[in-house]
Amino acid sequence: MIYAGNFKTNHTRKSTREYLMKIQLHNHKIRANGDRVMIFPPLTAIDNYEVDFTVGVQNAYPTQNGAFTGEVGVEQLDEFGIKTILIGHSERREILGESQEFVAKKFAFFKEQGFEIIYCIGEPLEVREEGSEAVIEYLMAQFEGIDTSYDNFIVAYEPIWAIGTGRSATQKEIEETHNALKKSIDKPILYGGSVKGENISEIASIDSVDGVLVGGASLKTDTFLELVFHKN
Ligand code: 13P
């Protein structure tokens, strides 16, 4: 299983360092379990950390460098050896207004750079309420312009209505959706949306769930490690 923590706009450089060092202490055991951790701190907390798990970024601009006020490009990420990025998160699509066209452009650029890409998709509540067929149709449209055959590519299915709400999708909804996606996209698929200690066993037991992308419950090492070691 992949356990990915998305800090969003939380943590500082200092608290991120402390956090990562704590996870590092457990990483041997995590690897021995056949699992993998990935952490996505805010950009100001990116550094050359001596850890042997993945530290990635939540966002970057599709450029090496240039005149894109407020953005960072590959030149800035290279300084810290960052080679992993989240693309298409619903918060960027919805709050920052990233269109499918722009998301696809980012994907193509970071693919060209050989980045590992966690590509996020997810439907709003009104689509979920229309039923599973509508959900799949909506999700498949979020692959428009995306080269799903790219090797270094992980999908994260995060229903928007389940993010930060405490209400995760049901086991049946997750299983149905992941199974349907796997018919067209032969890649690992993470589930995200209110993953926490109380529901991790149920979610992780689904065959087509290859990992989880966690917001709130990733912010403290205790609650994150509770997920990582839910079987131990
Ligand atoms: P929560 O775990 O806080 O619902 O956030 C999920 C998410 O958006 C991870 O990218």
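Counting convention: from 1, in listed order, for ligands and their atoms alike.
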Salt-bridge contact Glu91-Lys8 (side-chain N to carboxylate O under 4.0 Å):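 Salt bridge between Glu91 and Lys8, a charged N being under 4.0 Å from a carboxylate O: yes.
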Side chains of [X] and [Y]: does their closest heavy-atom pair fall under 4.5 Å?
X: Ile163; Y: Ser194; answer: no
X: Glu94; Y: Ile160; answer: yes
X: Met21; Y: Val51; answer: yes

Test side-chain hydrogen bond (donor to acceptor under 3.5 Å, both in side chains) applied to Thr177 and Lys182, Arg128, Lys172, the passing residue: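 When side-chain hydrogen bond (donor to acceptor under 3.5 Å, both in side chains) is applied between Thr177 and each of Lys182, Arg128, Lys172, only Arg128 qualifies.
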Close residues, ligand 1: non-hydrogen atom nearer than 4.0 Å: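 Heavy-atom contacts below 4.0 Å: Asn6, Lys8, His89, Glu158, Ala162, Ile163, Gly164, Gly193, Ser194, Leu213, Val214, Gly215, Gly216.
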Considering all heavy atoms, the nearest His11-Pro42 contact: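 The pair with the smallest heavy-atom distance is O-CG, 3.6 Å.
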